[in-house]
Every structure is written in C-alpha cells, then in structure tokens.
Amino acid sequence: MGAKTIMDLIDEAKIPCRTDPDLWFAESPEDVEFAKALCAGCPIQKACLARALEREEPWGVWGGELILRGAVVPRKRPRGRPRKHPVAA
C-alpha cells in the first residue's frame with residue numbers, strides 16, 4: 001500500500017468543512033472566524049490552503065485562512081461603508 005493521498009485522508013477523517021460547507025463561505029465576520037478556528041485541527045489544513053492559493057480561489061475560508069480574490073486576508077470586514085471618523089469609546 002502506497003502513501004495516502006489527500007482524498008484518502010478526506011474519506012477517513014472527519015473533515016470539518018464536509019459537515020457544514022456553507023460556514024466556510026459565511027457573510028458574518030463571526031462565522032468566518034469560527035470556520036477558521038475549526039480548520040485548526042484538520043489533517044489537511046496546509047494542503048487545503050496551498051491548493052486554494054494555487055487555484056486563486058475567489059473567496060472563502062481555506063486551510064484556516066480567509067481568501068479573497070486569490071489572496072489571504074487577515075479578517076472579514078462587516079458589510080457597509082467604513083466610518084469616516086472613529087467612534088469614541
């Protein structure tokens with residue numbers, strides 16, 4: 001028996017994105033952060049991120065990172081226009 005492929009690992013393991021795929025394409029920043037956290041223990045996390053960057057995925061959480069237009073972005077901004085002036089705390 002040869003080395004295991006990524007597809008073998010996907011079939012054998014409980015890959016988080018296979019249970020609720022919509023979460024990895026969520027609109028809310030909180031859901032995106034939750035999806036990124038679920039990727040932390042995934043056995044194919046690094047391979048998933050590498051392949052998403054190779055394919056220049058347009059958006060979504062891949063390998064524990066948020067991808068937008070084929071590049072990793074640190075976080076998802078909420079919908080709407082940014083404020084012109086900071087809010088006093």
Side-chain angles (χ1 to χ4, degrees):
M1 187 168 212
K4 291 187 179 187
T5 67
I6 290 176
M7 291 310 294
D8 292 332
L9 288 170
I10 289 171
D11 291 339
E12 292 173 9
K14 291 193 184 262
I15 305 299
C17 59
R18 295 292 185 171
T19 59
D20 184 11
D22 291 341
L23 182 62
W24 276 257
F25 301 96
E27 286 295 324
S28 83
E30 294 82 17
D31 287 344
V32 168
E33 291 304 314
F34 181 61
K36 288 168 60 175
L38 289 175
C39 288
C42 182
I44 63 166
Q45 178 184 9
K46 289 181 181 175
C48 177
L49 177 60
R51 290 287 293 131
L53 292 173
E54 282 176 25
R55 290 188 309 267
E56 296 181 1
E57 283 292 338
W59 68 293
V61 175
W62 298 89
E65 298 290 344
L66 177 60
I67 306 281
L68 185 61
R69 296 183 195 102
V72 173
V73 294
R75 66 188 178 295
K76 183 171 180 90
R77 285 187 21 207
R79 294 188 75 182
R81 199 169 183 176
R83 296 179 187 269
K84 289 185 178 183
H85 304 287
V87 176

Distance-only check: which donor-acceptor pairs under 3.5 Å involve side-chain atoms of residues 36-46, not counting sequence neighbours?
unit_1	atom_1	unit_2	atom_2	d
K36	NZ	E33	OE2	3.3
K36	NZ	P74	O	3.0
Q45	NE2	G63	O	3.3

ask   = Do V72 and L53 pass the side-chain contact (heavy atoms from CB on, under 4.5 Å) test, and can you show the C-alpha distance, the side-chain angles, and the key distance before you say yes or no?
value = CA-CA 8 Å; V72 173; L53 292 173; 4.0 Å; yes
ask   = Where do L49 and I67 land on the side-chain contact (heavy atoms from CB on, under 4.5 Å) test, with the steps shown first?
value = CA-CA 9 Å; L49 177 60; I67 306 281; 3.9 Å; yes
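With sequence neighbours left out, V73 forms a side chain to side chain contact (heavy atoms under 4.5 Å, CB included) with L66, L68. Checked against side chain to side chain donor-acceptor pair (under 3.5 Å), E56 has no partners two or more places apart in sequence or in another chain.
For the ring-ring contact (aromatic ring centres under 6.0 Å, His included) condition, the pairs that include at least one residue of residues 38-60, sequence neighbours left out, are F25-W59. The side-chain hydrogen bond (donor to acceptor under 3.5 Å, both in side chains) contacts involving residues 60-69 comprise nothing, where partners must be two or more places apart or lie in separate chains. Here ring-ring contact (aromatic ring centres under 6.0 Å, His included) pairs that include residues 27-48, with residues two or more places apart or in two chains, number zero.
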